[in-house]
A.B. asks: 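Before I ask anything, here is the structure I am working with.
Chain letters run A, B, ... following the sequence lines, proteins first, then strands; residues in each count from 1. Because the structure is predicted, anything quoted here is derived from the model rather than measured.
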2 protein chains.
Amino acid sequence: MPQAMRAEAPAPLPAAIAAALEEDIVFGRLHPRERLIEEELAERFAASRHNVRAALAVLEGMGLIERIPHRGALVKAYSLAEVEQLCALRDLLETQAAQQMPLPLPEAELAVLRGLQAGHDAAVAAGDARAAFRANLAFHRGFFARCGNAFLAEAIERLAQRAHAIRFAAFPDPAALARSREEHHAMLAALASGDRAGLTRLCGNHLAPSRQAYLRAQSAFLSA
Amino acid sequence: MPQAMRAEAPAPLPAAIAAALEEDIVFGRLHPRERLIEEELAERFAASRHNVRAALAVLEGMGLIERIPHRGALVKAYSLAEVEQLCALRDLLETQAAQQMPLPLPEAELAVLRGLQAGHDAAVAAGDARAAFRANLAFHRGFFARCGNAFLAEAIERLAQRAHAIRFAAFPDPAALARSREEHHAMLAALASGDRAGLTRLCGNHLAPSRQAYLRAQSAFLSA
DNA sequence: GTCGACGGGATTGTCGACAATCCCGTCGGC
DNA sequence: GCCGACGGGATTGTCGACAATCCCGTCGAC
């Protein structure tokens, strides 16, 4: 709960508050079932309660928190069965995206993706987990946008957001970050060479770690 | 624009306003690109502008309208390419849902779906397009919920909501309503007998009419 | 001793009013 | 005559304050 605000901008808009809370959830500073109280957040972010409220609405739309009327907001907790379902659907959609992506990717688009990945590399090298998280999102967004179906790309992004609530288990691990980085480079190589089979396989494997980490964390929690 | 409010409840909550506007879009009373002005809506629904604003946020989340900061809200217009992409993704997800649905469906669940379809039948028989629309949504929700993956069911529902903005072209047609009704019954029969191939085929065919109707309406519009 | 009514405190939800922004018709200068 | 600054009007965005709701500890009755 004690957490200095990071608002350097003159006005802490709802989007900034939502992003900060999103990171708190991803990095486990807010654990599942934890309650979010509007006035506390308003004080922490030096924002009005209206903006906090709007931010909570955003997070609810992303599936990261749950709001119960007149009762407040909680960080959403996912059961094992839900994690399995979520991963299965992500696998389906990301595989589909890989299969319909035009290959090999034009050099101009490849360059954009390489630029995004350079940002990710830098963040990982610097050990900046927060920046790595954001850069990772940006790379994935750019990558799946290339599948040619905006609705598919949006659905994939939405599911990835939902998975944030379970990803906290995997993300702080530097080895996982490095592995993610390597996989991104392998994906770029497959895009460049037009290796569709490899690309599809990479996409499937890429989301396995977070699922496994969650299951591990969950079983550790249950046995504790 | 002239449209009596249908609020019989003492308080017109945001959800009710959103539902009414959703229907206006589905039935073509609000056409694509039409502007939605908060104060006008507040007067029409005898609600506060706050509630109207919340309703607009809901509709934006459903992809039915577009909001531009400081500029207001418009009914969202979809291009032909977007319609194709939307339909392709719906096809993928609904086919997947049909393929993983446990068959044959237990009698208790079948009874629930039959009850929902009875409501749809009644609305179609009565020629009540509004009720038919709602009952159709309820049947689809109940149907796809049976696929065993809540995220898949939710994604399907979200895409169906988005399709509302293009469905207006098909919905007022009584023949289409009757056909939809028949297809629902065929789906129920497939669920009962465990005919997975038939079920999958039915799901695919079931969303073809709205796409075709949209393309027809679009070409008619372009040639006008 | 247990159960149900009651109230204080904390928290969320809603309202009216004001401030900020944008569009567009108008005007003055070059 | 055309271009850019300017203001009026319409519309959206934000604030502070108040009302509604809920949780939970307390008390009294059976």
A.B. asks: Between B:Glu66 and B:Lys76, is a salt bridge (charged side-chain N to carboxylate O under 4.0 Å, His left out) present by the stated rule, with each step listed?
C.D. replies: CA-CA 6 Å; B:Glu66 198 173 356; B:Lys76 185 149 184 180; 5.4 Å; no

A.B. asks: Would you mind telling me which residue lines up with the more 5' stretch of DNA chain D, B:Arg35 or A:His50, judged by nearest nucleotide?
C.D. replies: B:Arg35

A.B. asks: Nearest whole angstrom, please: distance from the C1' of C:dG13 to the CD of A:Glu39.
C.D. replies: 13 Å

A.B. asks: To the nearest angstrom, how far is B:Glu40 atom CD from D:dT12 atom C1'?
C.D. replies: 14 Å

A.B. asks: Can a side chain N or O of B:Asn51 be found less than 4.0 Å away from OP1 or OP2 on C:dC15?
C.D. replies: yes

A.B. asks: Nearest whole Å is fine: how far is D:dG13 C1' from B:Ile68 CD1?
C.D. replies: 15 Å

A.B. asks: Closest to the B:Ser48 side chain: C:dC15, D:dG13, C:dG13?
C.D. replies: C:dC15

A.B. asks: Would you indicate what A:Leu56 reaches in the nucleic acid, counting non-hydrogen atoms under 4.0 angstrom: base, sugar-phosphate, or nothing?
C.D. replies: nothing

A.B. asks: How many Å lie between CZ on A:Arg53 and P on D:dT14, as a whole number?
C.D. replies: 15 Å

A.B. asks: State the pairing partner of D:dC22; accept Watson-Crick or G-U wobble contacts with both distances under 3.5 Å, and report none otherwise.
C.D. replies: C:dG9

A.B. asks: Got a salt bridge between A:Arg114 and A:Glu109, using NZ or NE/NH1/NH2 to carboxylate O under 4.0 Å?
C.D. replies: no

A.B. asks: Between C:dT11, C:dC22, D:dT14, which nucleotide has the shortest distance from any of its atoms to the side chain of B:Arg71?
C.D. replies: C:dC22

A.B. asks: Would you say B:Gln85's side chain and A:Ala150's backbone share a donor-acceptor pair under 3.5 angstrom?
C.D. replies: yes

A.B. asks: Between B:Arg49 and A:Arg49, which has a closest nucleotide on DNA chain D that is more 5'?
C.D. replies: B:Arg49

A.B. asks: Tell me the interatomic distance from B:His70, atom NE2, to D:dT11, atom C1', rounded to whole angstroms.
C.D. replies: 11 Å

A.B. asks: Could you tell me whether the side chain of A:Phe139 reaches within less than 4.5 Å of the side chain of A:Leu188, counting heavy atoms only?
C.D. replies: yes

A.B. asks: Nearest whole angstrom, please: distance from the P of D:dG9 to the CD1 of B:Ile37.
C.D. replies: 18 Å

A.B. asks: Would you mind reading off the distance between A:Leu13 atom CG and D:dT12 atom C1', rounded to a whole angstrom?
C.D. replies: 16 Å

A.B. asks: Would you mind reading off the distance between B:Arg67 atom CZ and D:dT12 atom P, rounded to a whole angstrom?
C.D. replies: 9 Å

A.B. asks: May I ask you to check whether A:His164 and A:Gln161 show a side-chain donor-acceptor distance below 3.5 Å?
C.D. replies: no

